[in-house]
Amino acid sequence: MFDIGAAELLVIIIVAVIVIGPKDMPLAMRTAGRWIGKVRKVSAHFRTGIDAMVREAELEEMEKKWKAQNEEIMRRTASLTEAEKGAPVMTGPPPVGEVEGERTDGDASGDQIKDTQSGESAASKSDQ
């Protein structure tokens, strides 16, 4: 990154010893080490955030691609099946709540629902 060689490092150390002095050099080195550590933590945190954003963007792109491929496959399969049978075929997921034998309106008044285990109706159980 900075490409500091041995000669440049030696010059920096000599200038630091002359300017700071040998007595205060350990304190200066500790302070410099702390600052370098903080800079590394911040840069690692920033890099991690950028990597996460890139991964999320790639996942969204792949999901769109997979969805488009799935829709194309469903269309081709439906057209082949339709050509074979002569009747239109559903190409998407089943509508929500329209499973055979299942009520979706939530109104069960007047209807007797049988308990699958005992065979008794729910209305007769509530009377007991």
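Predicted, not measured: the structure shown is a model, and the values here were computed from it.
Residues forming a side-chain contact (heavy atoms from CB on, under 4.5 Å) with E60 (at least two apart in sequence, or on another chain): none. By the side-chain contact (heavy atoms from CB on, under 4.5 Å) test, R47 is found to be paired with S43, D51, residues two or more places apart in sequence or in another chain being considered.
At a threshold of 4.5 Å between non-hydrogen side-chain atoms, the residues K65 and E61 do not count as touching. For the pair W66/N70, no side-chain contact is recorded, criterion being any heavy-atom separation below 4.5 Å from C-beta on.
P26 approaches K23 most closely through the heavy-atom pair CD-O, 3.7 Å. Nearest heavy-atom pair across V17 and M25 is CG2-CE, 3.4 Å.
Here the CD1 atom belonging to I73 is positioned 10.5 Å from the CZ atom belonging to R75, to the nearest 0.5 angstrom. With values rounded to the nearest 0.5 angstrom, R34 atom CZ is found 6.0 Å from T31 atom OG1.
Remark: E72 engages R76 in a salt bridge, criterion side-chain N to carboxylate O under 4.0 Å.
Cluster annotation: L10 and I18 are assigned to the same hydrophobic cluster (Ile/Leu/Val/Met/Phe/Trp/Tyr, side-chain heavy-atom contacts under 4.5 Å, transitive). If you chain together hydrophobic residues whose side chains sit under 4.5 Å apart, M29 and I14 never meet in one group. Hydrophobic clustering (ILVMFWY, side-chain heavy atoms < 4.5 Å, transitive): I36 and I12 are in distinct clusters.
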